[in-house]
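Here the structure is a predicted model, which is why all the values come from computation and not from measurement.
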Amino acid sequence: MSGRNPAPRRSYGGRSAEERRADRRERLLAAGLELFGTRGYAATSIERLCGTASVSTRNFYEEFSGREELLAALHRDINERASAALATAYAGTADADLPTRVERAVRAFVTVTASDPRWARIAFVEVIGVSAGLEQHRLRWRSRWEDTLVAMAREAVDRGEAADRDYRLTMIAVIGAVNNLVHHWSARGQDIPLDDITAELTELICRALGRQAPNNT
């Protein structure tokens, strides 16, 4: 949906039009992260975004149809990075037991989504209730996370580590718990050690699968 008014292709200052446009887009994304992640989406105007990014309003509309598309782009970015990190961490523990696989996946997710409280606010707070279109965007990502967790549960069943049943409703509940705890941790200034958050979530997921994670304390 971006690029309503394509920029000219002339070179300027040693940079092509495409390079300048990519730079403007990155500055707008950085401004969105800062302002949506601190002031909040509702309190942030396009004029303030443009001022923070040092771009014109016209340039803004060359990249995004409005604030909502910018918020959606940021939400997509954090989810894509979290998904990739979780998949990499989980694949790296293919020969490990269930608690280890879950722990590595949880740690990857928490590290990406919540180490910066601005990303946590965008991922878990600001994206909610904006519009019907953005809600559909959010729910599509929630469905993808459901599929990821159900696939992990199915693998545990196949390995004899969990009872053979439908875990979709369980994983929907787990997602709600994970999101709330991760946001709570980030919003409190990360005053609880990351290891404690990871251990708590690992325990929660393992118990949901009928297993108890080992006590590492």
*asked:* Do I175 and E146 make a side-chain contact, defined as non-hydrogen atoms from C-beta onward lying under 4.5 Å apart?
replied: yes

*Would you check if M171 and V174 make a side-chain contact, meaning some heavy-atom pair closer than 4.5 Å?*
yes

*List the atom of L98, the atom of A156, and the distance in Å for their closest heavy-atom pair.*
CD1-CB, 4.0 Å

*Would you say the side-chain atoms of T93 pair up with the backbone N or O of Y90, donor to acceptor, closer than 3.5 Å?*
yes

*Does the side chain of E80 reach to within under 4.5 Å of the side chain of W141, using non-hydrogen atoms?*
yes

*Could you label the plane-to-plane angle of the W145 and F109 rings as parallel, tilted or perpendicular, counting under 30° as parallel and over 60° as perpendicular?*
perpendicular

*Heavy-atom distance under 4.5 Å between the side chains of E68 and Y41, does that happen here?*
yes

*Over all heavy atoms of both residues, which pair between E63 and E69 is shortest? Give the atoms and the distance, please.*
O-OE2, 4.3 Å

*asked:* Would you say that N179 contacts H183 through its side chain, given a criterion of any heavy-atom pair below 4.5 Å between the two side chains?
replied: no

*Answer yes or no: is there a donor N or O on one side and an acceptor on the other, between the side chain of R121 and the main chain of T38, under 3.5 Å?*
yes

*What heavy-atom pair brings L49 and L28 nearest, and what distance separates the two atoms?*
O-CD2, 4.3 Å

_Testing the basics here: between A123 and I78, what is the closest heavy-atom pair and its distance to 0.1 Å?_
CB-CG2, 4.1 Å

*If every non-hydrogen atom of W185 is compared with every non-hydrogen atom of I192, which pair is closest and at what distance?*
NE1-O, 2.6 Å

*asked:* Are R48 and R39 packed together at the side-chain level, in the sense that at least one heavy-atom pair is separated by less than 4.5 angstrom?
replied: yes

*Under 4.0 Å between a Lys/Arg side-chain N and an Asp/Glu carboxylate O for R154 and D164?*
yes

*Might you confirm whether atom CD1 of I128 has over 12 heavy atoms from other residues, nucleotides or ligands at distances under 6.0 Å?*
yes

_pair T202-R107: side-chain heavy atoms closer than 4.5 Å_ = no

*State whether the side chain of R168 and the backbone N or O of V150 hold a donor-acceptor pair below 3.5 Å, judged by distance alone.*
no

*Between R25 and F64, is any pair of side-chain heavy atoms under 4.5 Å apart?*
yes

_Heavy-atom closest contact (A114 atom, A120 atom, distance)_ = CA-CB, 4.1 Å

*asked:* For a salt bridge (Lys or Arg N to Asp or Glu O under 4.0 Å) check, start with the C-alpha distance between R81 and D77, then their side-chain angles and the critical distance, and finish with the verdict.
replied: CA-CA 6 Å; R81 289 191 290 113; D77 180 32; 3.5 Å; yes

